[in-house]
Each structure stands twice: as C-alpha cells, then as structure tokens.
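All remarks here apply to the structure that follows.
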Amino acid sequence: MIPEHKFINADNIEDVLRLLNENDNAKVIAGGTDIIPGFHIDSARFKEIELLIDINKIKDFNSIELADNHLSIGASSNFTQIINDPNVNKYFPLLVNAVSQIGSHQIRNRATIGGNFINNAPCADSVPALLIYNAVLEIKSIIETKEIPLSEFLLKQYQTALNTNEVVTRVKLPFLNENYSGKFYKLGRRRGVAISRISLAVLMKKSNGIIEDVRIAGGAVTPIGTRFTKIEDMMKGKAAKSDLFKEAAQKIGEQILELTGLRWSSIYKLPVVQQKIYQLLEEINLEMNSVNKNEN
Amino acid sequence: MKEKFNIVGKPVIRQDAFNKVTGQAKFADDYNYPNQLYAAMIRIPVSHAKIKSIDYTEAIESGLVAATCDSSDIPGAKKVGPIRKDQPVFCDEKVVTSGDVLAMLIGENEYELKQASKKVKVDFEELPILTDIEKAMDEDAQIIHPEFENNLIVHYPLRKGNIDKGFEESDHILEQTYTTPHIEHAYIEPEAVVAVPLEGNRGIKIIGSIQNPHTARKVVAAVLGLPLTKVRIIQAELGGSFGGKDDTMNILSARAAVAALKTKRPVKIHYSREESILESYKRHPYRLKYKVGFSKAGKLKAMKIDLLADGGGYSCMSPFVTWRSVVQATGPYEVENVWTDVRAVYTNNPYTGAFRGFGSPQPIFAQESLMDEIAEIAGISPIEIRKINGFQKGSVTASRQVLRDHEINLLKVVERAAEESNFLSEWNKNKKDQSNAPSFVDELNPIVKPEHFIHPSNNVKRGIGLATSFRGCSLGAEGVDAAAAYISVQTDGSIYLLSGLAENGQGLKTTFSIIAAEVLGISEDRIHYLEQDTGIIADSGPTVASRSTLMGGGAIKDAATIIKNRLNEVALKHFNITDYDVLVYRNNTISNTENNLKIEFSELCQLAFNSAVSLSAVGWYKGPNVGWDEETGQGDAYFTYVYGCQVADVSVDMSTGEVYINKIVAVHDPGTVINIMGALGQVYGGVTQGAGYGLWEAIESEKGMIKELNYDLYIIPTSKDIDKIEPIFIEGEDDHGAWGAKSLGEPTLELTSAALANAIKNATGKRLFNLPLNLEEVLLSKKLRPKDFVRESSK
C-alpha cells in the first residue's frame, strides 16, 4: 500500500526550485512510473521522500523546441509526445525507436524522458540513444543554470550527479551531419511491456568505405548505460568490413566482462550482445552501401 | 445431419460485455457494507516451519486492531480440502508453503492494519525445506504432513497388455524426460470477498470472486459448523478464474466468515496482486519420463510412462488433476501395451491445483514432442506418424475404452490443420533451411569466435510444428456429473434463467440464454440471466473441466423443453388443433403454417398463466455412466471426447533465442458451436495462455518462496508477441448435452506448447525438453536464474 505523502502541484519553475531548496527530502515527480510502483513495494530508494513536487503543469518542462544547433526537449516530455514530434523523428530517429518500445501505450503516455535517465536504471531505454546523440542536460537550481553531458551525469546504478536542490529542465541534442546512419535494438523477455535485457544503439558515418565516425552505446549490459568509446576509436579510420565488426563486437564483449565480471546472466548475455553488435554494424553498413548504390 | 437453428451457432454479443467495458459491472471488491471491517493476513517469510507462538500484544496495544482471528476462533472444521482435509484455514501450528496464513488482524483502516500486522510477533522454528519432487519419496525425506506416513498424495497406475512383450516386439525404443514449471493463472482480478453476518441467527451471506459458489458454501459451512442453508454464497462478476478461484477462494470465504461472525460486522478480504500470486495455488509442475517402443514404420508398440507431479504443501486438487493425466498420458494414439504410473507428492513448493487444462498440458507437451521424434526416427512426417497411430472409430484407448457413439474426428482435425497451414511443404522447406551451426555460446569463453558470428541474413529461421489431442469431456469417472437449470417465464414473455454452473468470464450466461432462446423460438435478449446465488439454485457440481456448455447446456435445454411442452398444450387448445408436431417456435411467435395460425410468444405466456399452467421449471441433466478400476486404470473414463490440432508457425532469432509466433492455426471439434463469438474468444484466449506456457511463464520459487510476485517478473504474453490466431471448428456429431455441444475451453490451451516446441525444432534442429522455451532455453538448453532476485523498482 502506498503511504501518504505531502504533495505540491507546482505552478512554475521558480516554485519548484524554491521548494527543492527548502526541503532536503523533496522529490520531483512527473510521470511517476518509477516512483509510484516503488512506493507500492516499499522501495528503499524512495523511503526518505517527504514531499512530492509535481511538475506536470509547467509548460517549460514539456515543450520540444528547435534551436540553432540543437533540439531541446523538455525533461518532462512524455514518450508519446516524443514519438509524435516531427523534429525528433526527423533528426533523432533512434530516440523515437528506443522510446516507442518502452512499456505500453499507457506508460508511454505518462513516463517522461527526464524520469527515464534520472532514475538511471541500467535498463533505461532512452539512455543508449541519448548517449550516441551526445545529449547535454540543462540543470537548474535556485543558484544557477548549468549544462552537463548525459555521460557525465550518470554516475552509477540509480545514482546521478543531480543535487537535491536541482532539477533537470531540458535535454539538448546537437544536430548531426546527415551522413550518419544508425540502428537501435532492444531485447526483452517479450515484445511488449518488457524491461530491456539488452539495448543497443549504433551510429555510423562512412566515407569511401572508411569509417569516419562510429558511436556505440549499450543499456542493461553494463551497470549503467554506457558508450564504448575505446572501441569506437579503434574502429575510426578503418575499412567498414565484417572482420572489423566482429573484432569490435568481441572487444565490447571483453569490456563488458571487465565492467561487470561474470554474472549469472553472462553466459547468455555476453555472447548475445556480441552477436547483436556485429549484426547491427553489418546491417547499417549493408544499408549504407545499398543507399550509395541507389544514389549512384 | 445438423438441425437448422434459429440462433445457435450465430454470433451473439455477450450479455455482460457492455457493462464490463463501461465499468458498470460490479466485481467483488465493488461491494461495500456499512460498518465493514478489513482483514490483514499474518504470514512468515519461510515455506516450512513449526509455529511456537503468536503474540498479538503489541499489535493490539497499537489500538489499530478491532479483533484478531486465528484457528481458535473457528467453531467447526479447522482443516479443509476437496479430498484430504489437510489444509488449515489458519496455519497457526505449522507452515508448509509460501503463502500460508497464520492469523488475521481485523480493523477499520487497511493501511493501519498493515502497520499493526508488522507488530505481531511470531515465534517459529524453521524446518528442513523439501523442494525437489524426486526426493519427496526418499526414505529420509522430511514428511510434510506427519499425519500421513509419507509424502505421496496419490498414485494412479494404468496397466494394459504386456509391456515387456511390447518392447521386445519393437524395432526402436526411445526414452526421454521432460519438465514443466509452476504456472500462475494470472486472472485480471485479484481475490476479493465480503462476509456479511445476518441478524437473527440466519447465518451468513458471502459475496466474492468465487468460481464455484456451491463448493465455497460446503467449505464455509464446515468451518462455521453451520448447515448448508445458513451459508448463502453470491458470486460477483468474476474477473477471470481459469480454474484459479476455487480452493483459495473457498478458504478466503471461510476466513472472512469466521471474522464476520466473531466481530458481528461485515468483513472484507481483498488481495493485492502480490498477495494473490503468493497465496493462490498454481498449475502442477510435472517431471515426465516416457519410454516408447515402436516399429520401423512408426507404429507404437509399447509405452511406459512415469509422471511425477508437484502437489506442493497441500493435496488440494492433485488427486483429480493427476487422474486426467493417467487417462490421457499416451495421447490420442492406440497403443497395445501401456504401463503408466502417475504420482503426486507433497513438497514445500507453492501448492498446486486446478488450472485450465487440468493435468493435460504437461503430458501433451511431452508426448507430442515425442511423437515428432518417433516420426523422425521412422523417417516419416509429423502428419504420417499421427495417421498411423491416431484414434479412429472403434479405437481402444489406454484404459480399454472403445471409442464410439460420437464422431472420432482426430484425423479430420489433423488433416484440416495441415491443409490450412500448408504444413508439409513448409515443414520440409524449413527443415532444409535448418540451422546446423554449432552453438556460438561457450561457457568457458564468453567471447564469440570469429567463425561463430551469424550474418544478419542468416539470423532468423522459420519453423512449423503441430500437436494434437483427445480430451475427455466433463468430470468423467472422477466425480458425480449432473447439473440443474431454473427457468421462469413471465406473462410478458420475458424470462428468468439460471444454472447451477457459474459464469467465470467464459460467456456462460450468453451461451445458456442462446440455448433457452433456441428451444422457445425467441430472441435471446428476452432472457434475463439471474445472479449466481446458492440460495436459489441447486448444486450442480463445480464449473470446471470445460463442462458448462455440455452439462449446464443440457440442463438449460431440459428446463426450456419442459416449458415448451407445457406451452404446446396451451397453444393446441388455443389453435384448436391436436398435433403439436406442426407447431413452429420462431421469431418470438408460435405458428402453424398449414392452418395459418399464429400467436405471439408473449400472448401465449399470458394465456398459459391465465390457464393456471406453471411457467417455471427446473431442468436436470445427468451424464451417462462412466467407470474406473483404481487398481488397473481400466474403464470408460469419460462418456465423450473432443479432438483438436494446433499448428504453430514461428520465427526464431538464432542469436538471441527469441521466438516470435507468426501464426497458430487451431482446429477444434467442440461438437456443436452455440455462440460462434464465444467459441472464437475461447480459442484466442486459450492459445495465448498456451503460448505463455510454451515460451515465457514460470514461477521459479526459491526455497519454496515465490519471487515472481507481480507481472514485472512473471511474464505473460502481450498482443505484440503473437501475430495471428486462426480458429477453425469442425462440429462433430454427438448425442450428449444441448444438440451435441461439448467442450472447448481447455483443449485450446493444452496443445500450444507442444506445437511450439515442435516448430522450434523444425527451425533450429534442436529438441527442447523443459518448459518454458524462453531465451536461454532456446539458446543454451538450460534455465538461468539470478542469485540476487530483486524487482527492478525495488533496488
């Protein structure tokens, strides 16, 4: 059963910042799809909460806006909003792909992008996509407004760099050169309403058969969503070929093993992740080749 | 030839549909009474313990509790059970399984009660925990119920022919072992019940999410020490049951009743999903050993079958569930020599009972997997092996029952399913494309070797597989088989109808209304189906075993026919003719076209009433005699059977083990279909549940404690996991019930897992033996379990 909490439906961002500053045990609530089930089962993570500050009424928090060099997504934009937004679809299709596989219609209508990474579960589906798009977060407190890359914001499982007096206001995605091609892959125990066992996002840019840039991120395979930058660097400047894709997949397997050690799930997950990374790279490459052929 | 029907077989929207989708239907938890109290359960977090003492002092001192309730408050039977009375209503002496309730706190405010329940101090001594069914019968095994000499709940032998001779005459002998897990019913509505004490020594009224009101009444009356008439059970709209709201609900009703009589106030018990999964019984896990001998051509010669079922902490329905297994264990095949042993044993695992399928899905998974293996050895197709061995008219079953008196449509359903799914050509094509690659998973080295990477173009394999079954209708020789129906026709031609069998969400009210309407030639919306109430309708046995349409339908038809016969007399007099054969009941009128005579149904009813003709009647339907010899397992087990065949078409991701269901073709012979919409619904639902059983679902308790307490961990299929389900009905002739309408509910579920296993084999070349065939099973042929099993949102 859910215990009673003090609850304030905030009218504006100033009130949110003030309340956060005044109350150490306050928590911002938007979709509530993590907090409410957490209350329901007495989760230790939410036990200290005394005050819930609802930000759903505040427009600044849930608008999606085009800026000069980036797309700015309000942190309390829900997944349905993101899925339906033409600009997210146009410029950041892997994010749409990722969040459209989260939960069910009902959950996507409530759950927010900010909640997804602030909760920082290893399986947060938006995280790999946001990481390969080099997402930057705008964070506000009563004292300052600052920006921090998502990769630095995520510290460890269920922990972020967010201070108790701060709130994430926006997610900024810098525009990409059009020559990128990518894929998102999710494996759950079933296809709908599934917690990710593996999520992967891959972006690649080629020139004359040589990889100019590649970005690979995984969720649910490491303690938190992670970019595999070492392997990305290894691949850059090399020919886009099966052997390289296999090598990259193996290296990522090794890195995951280093990060997690052998876990109960490793004998299944590790080989499967390698297969899927290999296949994603191979598929992206094949698609890019066929697009090039068509253009020629 | 089938009769020409007015509405039987046509699509009729269920009577309860509108109220359910608009939120107007009243479920058990929607009932509230003035002065109502709530109950909170007291449990301990172990599956086997001796209770030394329960100290309520602190809880009572908290001031939040109106009363406590334990076995000392029970005036009558302290233990209940359908056969063995081994399950305490309150387990304040011993706990033997995870959900056991020691006592209850009763109070006004539920949240406060939960807090107070943490203050109850239980002193207990942990006992050794028995979870391995194979060890239950060991000499040094912990005896779960010391009042019995060992952990055996029941043993059914079946002996036919000479098993040794059968194996000697065989060209091949194949031995395999299969396992199936605990399964949760996953009904949408968790358990809820309110007990209302009636003033003036009139006993108690209980409203609840109760599958079998008459069984609940029996249990509650025994616990309260009251005559049956002093316990009135009313069934609320039921949010699903699938066999799951029987024993658990009977005990919850008894607990609420004890508390209500003690406090003299209404008491409600309603469970969260977690409590529901924790305490309610599950489908039996089975360990199935099959040894089968057959000729070069694939003709079965001998089957030795050893089935072991996990009964968990209580015997519950185990004796009935395992009996169906012993009858059907060979599958729908003629085998001269059969030696079957089916046993159920006690363990400290979650206790097990009735669940749609009831002892059939387990052996079908094993035996239909086995048939495909036999076909492979014999070098013939899955269709051919079933044609060679399958039941036909005059075939003799393992219990030496000769199949006759109804259409034996086994081969017909198989052929139709094969035809609809283009089975043979697909099966051959997939087999050619089968993956013969060695597994890329190396347990010693988790890094994939370069030569083991699977190219995307080669990653998805198609597979097709089938499974077929025969299924005994209704209770068979396991119980008394009869049902009642009440009909009361009003002077305006509207009708009250009720049967002793209960609506469990399967659409029974609509089916029964159609049957009565067909007999009387009226539209079914003239019928008002009454609420299920043990005070007004006769005990008709439980609503189980896919028996409602057959048995209840027979009773409804009988009741309606009694009325029709009386109306005939009135009509003849009115028309002034003598031959009632010429009367036609159709379109709400009774007519005699020869003489151009006609009367509205309502007018005729008014006329009958004015002539002092009784317009209410009780119909009765009794099944033909069946029999069983307990020593040899021989006899006419069921009075009739139904046949089904399902074909599964899957895509398997060779690098993840993910199975996607492209299509299930489900061909069933349920006899005459009464409501085609209801029948289609049964297939869609049953196949989906069967697919869940095949690919995803499992309660994997640890030390007897259930970890999958909600649907974040207990994985049931969604609409995204199954593409197409294609139901096809072959309506075989049968004399029983209402125009030969037999059974459909359970056959739809029991076949799917075996069809899936055979399809996965066709795709991957890999035979799998342990349900569910989840990601790890398909890829590694084993199950993986976390040691730190915690819910994602509780970290």
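None of these values were measured; they are calculated from a predicted model. Values reported hereafter were calculated over all heavy atoms of this structure, with side chains retained and with hydrogens, waters and symmetry mates removed. Labels below follow one simple rule: chain letters A, B, ... track the order of the sequence lines, proteins then strands, and each chain is numbered from 1.
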- request: May I ask you to name which of V659(B), N459(B), D653(B) has the most heavy-atom pairs under 4.5 Å with chain A?
  value: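 Between V659(B), N459(B), D653(B), the count favours N459(B).
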Residue selection (most heavy-atom pairs with chain A, distance under 4.5 Å) from E110(B), Q115(B), E776(B): E776(B)
Between [X] and chain A, which part of the residue has a heavy atom less than 4.5 Å away: side chain, backbone, both or neither?
X: I716(B); answer: both
X: L775(B); answer: both
X: K782(B); answer: side chain
X: L779(B); answer: side chain

- prompt: Do K114(B) and E275(B) meet the salt-bridge criterion of a basic N to acidic O distance under 4.0 Å?
  reply: yes
message: Strictly below 4.0 Å, N to O, side chains only: are D34(A) and R45(A) in salt-bridge contact?
response: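 A salt bridge is absent here (no side-chain N lies under 4.0 Å from a carboxylate O).
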message: Against W696(B), only a single residue in T718(B), N774(B), D721(B) fulfils side chain to side chain contact (heavy atoms under 4.5 Å, CB included); can you say which?
response: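 The side chain to side chain contact (heavy atoms under 4.5 Å, CB included) with W696(B) is passed solely by D721(B) among T718(B), N774(B), D721(B).
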- request: Anything under 30° is parallel, anything over 60° is perpendicular, the rest tilted; go ahead and classify F117(A) against F153(A).
  value: perpendicular
- request: Check each atom of L187(A) against the heavy atoms of chain B and say whether the ones under 4.5 Å are side chain, backbone, both or neither.
  value: side chain
task: Pick one of side chain, backbone, both or neither for I256(A), based on which atoms fall under 4.5 Å of a heavy atom in chain B.
output: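 Neither part.
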query: When the aromatic ring centroids of Y187(B) and H185(B) are compared, is their separation below 6.0 Å?
result: yes
task: Answer yes or no on whether K276(A) is positioned over the face of Y185(A), meaning its NZ or CZ is under 6.0 Å from the six-membered ring centre and within 45° of the axis.
output: yes
